J.: 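Before I ask anything, let me first share the structure, which is written out below as structure tokens.
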Amino acid sequence: MVGLPRNTEVADQFDLLADLMELEGADTFRVIAYRRAATRMRETSGSIAQLALDGKAKELSGIGKTIEEKIVQIVEKGEIEALTKKKAGVPPEVVLFMRLPGLGPKTAARIWRELDVTTLDELKAAAEGQRLRGLTGLGAKSEEKILKALAFQAQNVDAGDRRLLGEGLPAVQAVVATLRDHPAAVAVSEAGSVRRRKETFRDLDIIATASDPAELTTYFTQLKWVVDVAAHGDTKATVVSNDGLRFDLRVVPPESFGNLLQHFTGSKDHNVAMREDAVRRGLSISEYGVTTVETGEVFQSADEDAVYEFLGYQPVPPELRENAGELEAARRGELPALVELGDVRGDLHTHTHWSADGKNTLEEMVQAAAERGYEYYAITDHSHYLREGRLHAQLEEIERVRERFPKLRILSGVEANIRASGEVDVADEDLALLDWVVASVHQAPDNRPTERVLEAMQNPYVDCIGHLTGRRIGKRPPRDVDVERVIEAALASGTFLEINGQPDRLDLRDVHARAAKEAGLKLVLTSDGHQLRAQSYVELAVAQARRGWLTKDDVLNTRTWKQVEKLRKKRP
DNA sequence: GCCGTTTTCGGCCCGACTGTTTTCAGTCG
């Protein structure tokens with residue numbers, strides 16, 4: 001495994017190759033094929049490089065013989081040969097032209113070739129010097145747009161263009177609720193990537209029907225937290241909130257609400273695959289309806305499920321709409337019944353003020369857990385803060401709190417640290433006193449990320465590995481853990497893996513959760529909450545689990561504590 | 001470059017918007 005390029009690195013090369021070919025005016029379908037293959041690689045849980053070396057990459061849809069060979073080139077030579085060649089012919093910054101909104105490959109190539117503009121600085125100068133309007137098809141407005149895009153890009157260079165689901169989900173749910181209360185509103189729904197519970201988003205989409213669309217749209221632009229109205233028409237508006245979130249509202253006709261909701265929920269890949277399949281059956285899908293080509297008859301519905309059913313599919317839960325096999329499964333009627341928040345009986349990774357970064361007392365956290373209706377709740381403060389008798393002191397406090405909450409089973413636990421050696425930093429005799437043990441890697445760097453975890457799993461007291469890869473979305477990449485090996489070892493040792501619900505962790509990620517499920521491993525959904533309101537992060541863990549195709553049965557903590565005890569590894 | 005319950009060759013989603021055009025190409029989601 002060591003030394004093989006990551007899936008994201010391989011995928012990036014194919015995307016760059018696609019960009020360069022597009023600039024050269026290559027066949028669009030080849031370009032699309034490379035981009036599709038890149039997406040497939042990013043959404044594959046195993047090592048795509050290893051698959052290619054084994055001749056198995058071409059079993060993935062969208063990857064054929066040619067692309068598999070190019071992956072092998074990356075392993076052997078570090079780069080796709082065609083990419084090396086093409087990079088020599090195109091100034092590196094010309095690719096960046098295409099990233100500016102409104103500026104595509106055709107225009108970028110003409111600016112480069114016909115005006116000899118090769119850097120972003122030169123592009124700016126050319127627009128300011130009104131030289132772009134010399135090209136047919138470009139005018140004063142184009143120059144203005146490009147300058148605006150360049151300025152925006154310069155301003156937001158550090159901001160990152162995607163925000164966390166954990167921020168966007170409560171925000172969009174609040175706006176949906178507000179709009180529903182308006183007298184002109186008939187139906188209101190979240191849409192887009194946030195409805196699919198994708199871990200990050202660019203903007204928050206809302207779809208509605210209304211008795212008076214213009215009135216609802218205007219109301220939306222005048223909500224008190226709106227600081228900027230980027231667009232405002234009768235049926236569509238875009239606003240920016242005081243915390244920088246972009247909301248899009250579209251008001252659509254009620255008779256095709258289901259078709260439009262389906263369209264605007266995406267993903268693009270899901271919709272394209274569904275439309276391609278429809279074409280083969282003599283149907284044409286658009287956001288307004290499904291047309292039977294032969295008769296011209298159009299099917300519309302206010303109900304999204306009815307759209308899927310008309311097309312011969314089981315209704316597909318939004319979390320699965322990524323063109324990752326869900327359409328085939330829905331065609332056969334074999335979609336899984338996904339786990340729901342209400343199935344979760346207890347949280348097995350939480351903190352209190354015993355950890356320096358915990359914000360609430362043990363009793364406050366337990367009180368909130370009881371109010372959530374949990375049957376059990378594990379206190380797993382960081383081992384670092386439970387040294388020198390503090391572990392025993394906390395056990396005494398837990399004993400006292402138990403008396404006050406007789407209906408909630410309070411589990412004593414710890415989040416132990418996995419040392420570089422693979423040992424956990426709590427003695428066995430202390431671990432033996434506890435009901436539940438989470439073990440996690442905290443400090444980097446890490447030159448044997450996989451072995452370290454495998455060794456920790458051999459400890460008979462370690463029940464679950466916390467946030468396996470240690471990623472912090474947007475801040476820190478995942479450690480280079482061989483997740484497939486970890487899953488195998490987890491099954492062999494009787495250790496569980498968690499889906500950590502912290503908004504910037506969501507670790508395991510969706511495709512790894514799905515790989516774990518397919519291997520037969522049960523996962524634990526946890527909040528890793530360090531304060532009262534963070535207990536709700538379990539909702540994000542549930543969302544991630546659903547994106548990983550997990551059913552109630554695939555999740556350990558949908559079971560009673562008695563059942564959990566039966567399933568976990570035997571203690572000495 | 002990929003793919004196949006009409007196909008191993010000849011297709012490859014669909015519509016809106018924008019800016020520049022007198023009928024459309026490029027871009028976007």
Side-chain angles (χ1 to χ4, degrees), chain A residues 14-15 17-19 21-23 25-41 57-71 80 82 97-111 132-146 148-149 191-193 195-196 198 201-205 207 231 233 235-236 238 246 248 250 252 256 259-291 293-294 298 311-312 321 323 327-328 331-332:
Chain A
F14 281 94
D15 272 332
L17 181 59
D19 286 348
M21 290 182 46
E22 206 172 24
L23 280 167
D27 173 31
T28 321
F29 295 111
R30 280 179 70 198
V31 173
I32 289 171
Y34 285 137
R35 296 228 170 94
R36 270 191 188 175
T39 302
R40 178 64 59 234
M41 293 170 202
K58 53 183 174 301
E59 289 169 15
L60 298 168
S61 78
I63 297 180
K65 193 159 165 282
T66 309
I67 288 181
E68 180 169 278
E69 284 167 6
K70 286 177 158 56
I71 300 170
I80 304 169
F97 295 2
M98 290 164 54
R99 307 266 152 82
L100 299 170
L103 193 55
K106 297 270 173 25
T107 316
R110 291 186 58 212
I111 292 173
L132 298 182
R133 64 185 69 176
L135 300 174
T136 51
L138 292 185
K141 285 232 172 123
S142 309
E143 288 170 345
E144 210 175 292
K145 235 169 93 178
I146 286 171
K148 209 174 155 193
S193 68
R195 182 164 180 242
R196 303 198 312 278
K198 199 171 151 73
F201 64 90
R202 223 180 288 273
D203 45 30
L204 299 165
D205 294 309
I207 301 287
T235 60
K236 193 179 142 178
T238 301
R246 288 179 72 88
D248 264 344
R250 282 166 212 264
V252 304
S256 55
N259 304 76
L260 280 144
L261 180 59
Q262 196 286 321
H263 172 76
F264 285 113
T265 297
S267 68
K268 189 174 189 291
D269 289 338
H270 171 86
N271 287 351
V272 168
M274 199 164 81
R275 287 168 178 209
E276 283 175 351
D277 190 45
V279 168
R280 288 192 280 272
R281 290 159 198 271
L283 300 168
S284 172
I285 304 175
S286 84
E287 53 265 58
Y288 303 107
V290 183
T291 308
V293 177
E294 203 172 318
V298 179
L311 291 163
R321 300 182 194 173
N323 191 29
L327 287 170
E328 294 80 351
R331 176 73 72 198
R332 297 191 303 265

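Every heavy atom of this structure was used, including side-chain atoms; hydrogens, water molecules and symmetry mates were not. Proteins get letters first, then strands, A, B, ... in listed order; numbering begins at 1 in each. Bear in mind that the values here come from a model prediction, so they are computed numbers and not experimental data.
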J.: Give one of base, sugar-phosphate or nothing for A/Phe264, where a contact means two heavy atoms less than 4.0 Å apart.
T.: nothing
J.: Say you pick atom P in B/dT20 and the same atom in B/dG15; how far apart are they, in whole Å?
T.: 26 Å
J.: Please state whether the phosphate of B/dC2, meaning OP1 or OP2, lies under 4.0 angstrom from any side-chain nitrogen or oxygen of A/Thr66.
T.: yes
J.: Please give the distance between the C1' atoms of B/dT27 and B/dC13 as a whole number of Å.
T.: 16 Å
J.: If I pick the C1' atom on B/dT18 and the same atom on B/dT23, what distance separates them, to the nearest angstrom?
T.: 15 Å
J.: Output the rounded distance in Å from CG (A/Asp205) to P (B/dG29).
T.: 11 Å
J.: Quick check: on DNA chain B, is the nucleotide nearest A/Arg30 upstream (toward 5') of the one nearest A/Ala108, or the reverse? Name the residue that is more 5'.
T.: A/Arg30
J.: When the C1' atoms of B/dT8 and B/dC14 are considered, how many whole Å apart are they?
T.: 28 Å
J.: What form does the base of B/dT22 take, syn (within 90° of 0) or anti?
T.: anti
J.: Without hydrogens or angle criteria, can the side chains of A/Arg321 and A/Ser267 be said to hold a donor-acceptor pair below 3.5 Å?
T.: no
J.: Considering only heavy atoms from C-beta outward, does the side chain of A/Thr291 approach that of A/Leu283 to under 4.5 Å?
T.: no
J.: Nearest whole angstrom, please: distance from the P of B/dG29 to the CG of A/Asn259.
T.: 22 Å
J.: Distance between the P atoms of B/dG26 and B/dT21, in whole angstroms?
T.: 13 Å
J.: Tell me what A/Ile32 touches on the nucleic acid: a base, only sugar-phosphate, or nothing, going by heavy atoms under 4.0 Å.
T.: nothing
J.: May I have the distance from A/Arg202 (atom CZ) to B/dC28 (atom P), rounded to whole angstrom?
T.: 11 Å
J.: In Å, rounded to the nearest 0.5 Å, how long is the span from CZ of A/Arg110 to CG of A/Leu23?
T.: 13.5 Å
J.: Roughly, in whole Å, what's the span from CZ in A/Arg40 to P in B/dC2?
T.: 13 Å
J.: What side-chain donor-acceptor pairs closer than 3.5 Å can you find for residues 60-70 of chain A, not counting sequence neighbours?
T.:
residue : atom : partner : partner atom : Å
A/Glu68 : OE1  : A/Ala57 : N            : 2.9
A/Glu68 : OE1  : A/Lys58 : N            : 2.9
A/Glu68 : OE2  : A/Lys58 : NZ           : 2.9

J.: Find the distance A/Arg280:CZ to B/dG4:C1' and express it as a whole number of Å.
T.: 8 Å
J.: What's the gap between B/dT6 and B/dG10 when it is taken at their C1' atoms, as a whole Å value?
T.: 13 Å
J.: B/dC3 C1' sits how many Å from A/Ile67 CD1, rounded?
T.: 12 Å
J.: Take nucleotides 10-22 of chain B nucleotide by nucleotide from the 5' end and write B, S or -, depending on whether a protein heavy atom sits under 4.0 Å from the base, only from the sugar-phosphate, or from neither.
T.: --BBBSS--SS--
J.: Drop me the distance from A/Arg275's CZ to A/Lys268's NZ, to the nearest 0.5 angstrom.
T.: 9.5 Å
J.: Using a strict 4.0 Å threshold on nitrogen-to-oxygen distance, state whether A/Arg35 and A/Asp269 make a salt bridge.
T.: no
J.: B/dC3 C1' sits how many Å from A/Glu59 CD, rounded?
T.: 16 Å
J.: Grab the CZ-C1' distance between A/Phe201 and B/dG29 for me, whole Å please.
T.: 17 Å
J.: Is B/dG11 paired to anything, Watson-Crick or G-U wobble with both distances less than 3.5 Å, and if yes, which nucleotide?
T.: B/dC2
J.: Decide, yes or no, whether a salt bridge links A/Glu276 with A/Arg36 under the criterion of side-chain N to carboxylate O below 4.0 Å.
T.: yes
